[in-house]
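When reading the values below, keep in mind they use all heavy atoms of this one structure, side chains included, and skip hydrogens, waters and symmetry mates. One-based numbering, in listed order, for ligands and for the atoms of each.
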Amino acid sequence: MYRILEARELAEKIFLMEVEAPRVAKACQPGEFVIVKMDEKGERIPLTICDYNRESGTVTIVFQIVGASTKRMAELKEGDAFQDFVGPLGRPSDFVSEDFEKVRGRRYLFVAGGVGTAPVYPQVKWMRAHGIEADVIVGAKTKDLLILEEEMEKVAGNLYITTDDGSYKRKGMVTEVIRDLVENQGKHYDICVAIGPMIMMKFVCLLTKELQLPTIVSMNPVMVDGTGMCGACRLSVGKEVKFACVDGPEFDGHLVDFDEAMKRQRIYKTEEGRAMLRMQEGATHHGGCGNCG
Ligand code: NAD
Ligand code: FES
């Protein structure tokens, strides 16, 4: 069992939990995810890691209530435990294994949208721990939905906060801030890492293509079982078929077909849709987890 040491609501329907999971904490890297399961019958929920502490053996996750399972999960309190907390899974962010001198020579721009701020945090923290100052844009619909501001403030080089409704700091979406920084403030970046809702990542990529700024995105939102078995996270990346949970979750955002991914995500939700996808795409990566019948 994996004991919950801290459980708190960060914003409406968004929860943070610090979990005792020494083996995961020892090995995990920014960009990777875990699968949590509350009990024997519980759904497997893939969640990108928000923070980890190797000394105390803890891993922090942040999740939003989106259905029955996450609603049940949000009711867990300090002292309760998860039956399973499996990980680290997926591939770490590229910069973890790249030549450090190359990484240090780049100017990074991180773009976090809503709950996507949680997986961006360990990446920026890694940068800070390695002496790299990265610029960070955090976008939220409104002030009350902004999360991890204080934590991000401590690790970012420059932090730009924007709210869609202008209730806090700048007004507007993250794409408006990117354009302002690059076109009006003369900022130059070598790499952008954008993590948030799919629609945000799509529009960030459209803009960064125009700005010729290479962009990495995290396709965590399309994952279901997180094991390469259910087929939910199948993506077209350039001319290749990829699975977010085993080949990612991070990909070159300029190569991801977001429209197809969003359409497929809608179709996958129904039994009929899954059957149709099986017929169209063949049996690869289908039928291990029980989600697709
Ligand atoms: P949200 O809808 O509040 O959007 C957050 C910010 O994204 C907005 O404030 C805005 O700045 C930007 N944005 C949204 N639409 C945009 C557009 N069309 N153009 C430009 N910018 C836009 O975010 P939320 O409700 O917190 O998002 C929840 C979603 O985030 C879920 O679908 C979840 O799957 C996803 N998520 C993704 C990851 C990941 O790894 N990519 C991780 C956690 C959550
Ligand atoms: Fe990747 Fe199921 S989430 S195959």
Side-chain angles (χ1 to χ4, degrees), residues 10-14 30-33 35 44-50 61-67 70 89-90 93 111-123 137-148 160-179 193-208 216-235 241-251 253 256 258 261-262 264-265 268 274 277 281 284-292:
L10 293 179
E12 198 191 348
K13 294 190 178 172
I14 305 173
E32 293 178 317
F33 67 95
I35 292 177
R44 305 156 65 92
I45 306 174
L47 293 168
T48 321
I49 291 165
C50 168
I61 49 171
V62 169
F63 63 94
Q64 186 174 32
I65 297 183
V66 288
T70 39
L89 298 165
S93 305
V111 181
V115 190
T117 308
V120 168
Y121 174 70
Q123 303 205 16
I137 301 172
V138 175
K141 276 197 198 85
T142 186
K143 183 176 191 286
D144 294 344
L145 291 175
L146 180 68
I147 60 167
L148 304 171
Y160 306 92
I161 291 177
T162 186
T163 48
D164 299 5
D165 62 1
S167 53
Y168 188 54
K169 305 274 171 123
R170 291 170 177 241
K171 182 180 192 305
M173 295 202 176
V174 291
T175 38
E176 291 165 59
V177 185
I178 301 174
R179 196 180 277 287
V193 178
I195 306 183
M198 294 258 261
I199 192 75
M200 178 204 97
M201 296 190 288
K202 172 186 165 174
F203 280 98
V204 167
C205 286
L206 285 173
L207 173 61
T208 56
I216 307 288
V217 294
S218 171
M219 297 305 283
N220 179 297
V222 293
M223 286 190 216
V224 172
D225 74 332
T227 63
M229 299 294 284
C230 71
C233 68
R234 185 180 164 122
L235 300 165
V241 170
K242 297 278 183 191
F243 290 83
C245 65
V246 287
D247 303 314
E250 295 185 359
F251 295 99
V256 172
F258 285 101
M262 287 188 279
R264 204 178 175 283
Q265 198 180 24
Y268 193 87
R274 290 195 287 274
L277 291 172
E281 297 168 352
T284 345
H285 289 258
H286 284 267
C289 65
N291 276 309
C292 33

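- Residue Ala244 places every heavy atom at 4.0 Å or more from ligand 2.
- Within ligand 2, the atoms closer than 4.0 Å to a non-hydrogen atom of Cys230 are 2 (Fe), 3 (S), 4 (S), numbered from 1 in the order shown.
- Rounded to the nearest 0.5 Å, atoms OH (Tyr160) and NZ (Lys169) are 12.0 Å apart.
- Around ligand 1, the residues contributing at least one heavy atom under 4.0 Å from the ligand are Gln64, Gly113, Gly114, Val115, Gly116, Pro119, Gly139, Ala140, Lys141, Asp164, Met173, Val174, Thr175, Ile195, Gly196, Pro197, Ile199, Met200, Met201, Phe203, Ser218, Asn220, Pro221.
- Side-chain atoms of Thr163 and Thr142 form no donor-acceptor pair, as typed in the model, at a separation below 3.5 Å.
- Of all atoms in ligand 2, listed by their number and element, those nearer than 4.0 Å to a heavy atom of Gly226 are 2 (Fe), 3 (S).
- Here the CD-CD1 distance, from Glu176 to Ile137, works out to 11.0 Å after rounding to the nearest 0.5 Å.
- Contact between Pro221 and Ser218 at its shortest, heavy atoms only, is CD-O, 3.5 Å.
- A side-chain donor-acceptor contact under 3.5 Å links Asp165 and Ser167.
- Proximity of Asp225 to ligand 2, defined as any heavy-atom pair under 4.0 Å, is shared by backbone and side chain alike.
- Listed by chain and number, the residues in a side chain to side chain donor-acceptor pair (under 3.5 Å) with Ser93 are Gln123, Glu250 (sequence neighbours excluded).
- Residues meeting the salt bridge (Lys or Arg N to Asp or Glu O under 4.0 Å) test with Arg170, sequence neighbours left out: Asp180.
- Thr227 and Asp225 share a donor-acceptor pair across their side chains, judged by distance under 3.5 Å alone.
- Close approach of ligand 2 to Gly231 is summarised as follows: ligand atoms under 4.0 Å from at least one heavy atom of the residue are 2 (Fe), 4 (S).
- Contacts of Met229 with ligand 2, taken as heavy-atom pairs under 4.0 Å, involve the backbone alone.
- In this structure, the side chain of Arg234 does not engage the main chain of Arg264 through any donor-acceptor pair within 3.5 Å.
- Counting atoms of ligand 2 from 1 in the listed order, those under 4.0 Å from a heavy atom of Val224 are 3 (S).
- Applying the side chain to side chain donor-acceptor pair (under 3.5 Å) criterion to Lys242, with sequence neighbours excluded, gives no partner residue.
- With atom 1 (Fe) of ligand 2 as the vertex, SG of Cys233 and SG of Cys245 span 110° to the nearest 10°.
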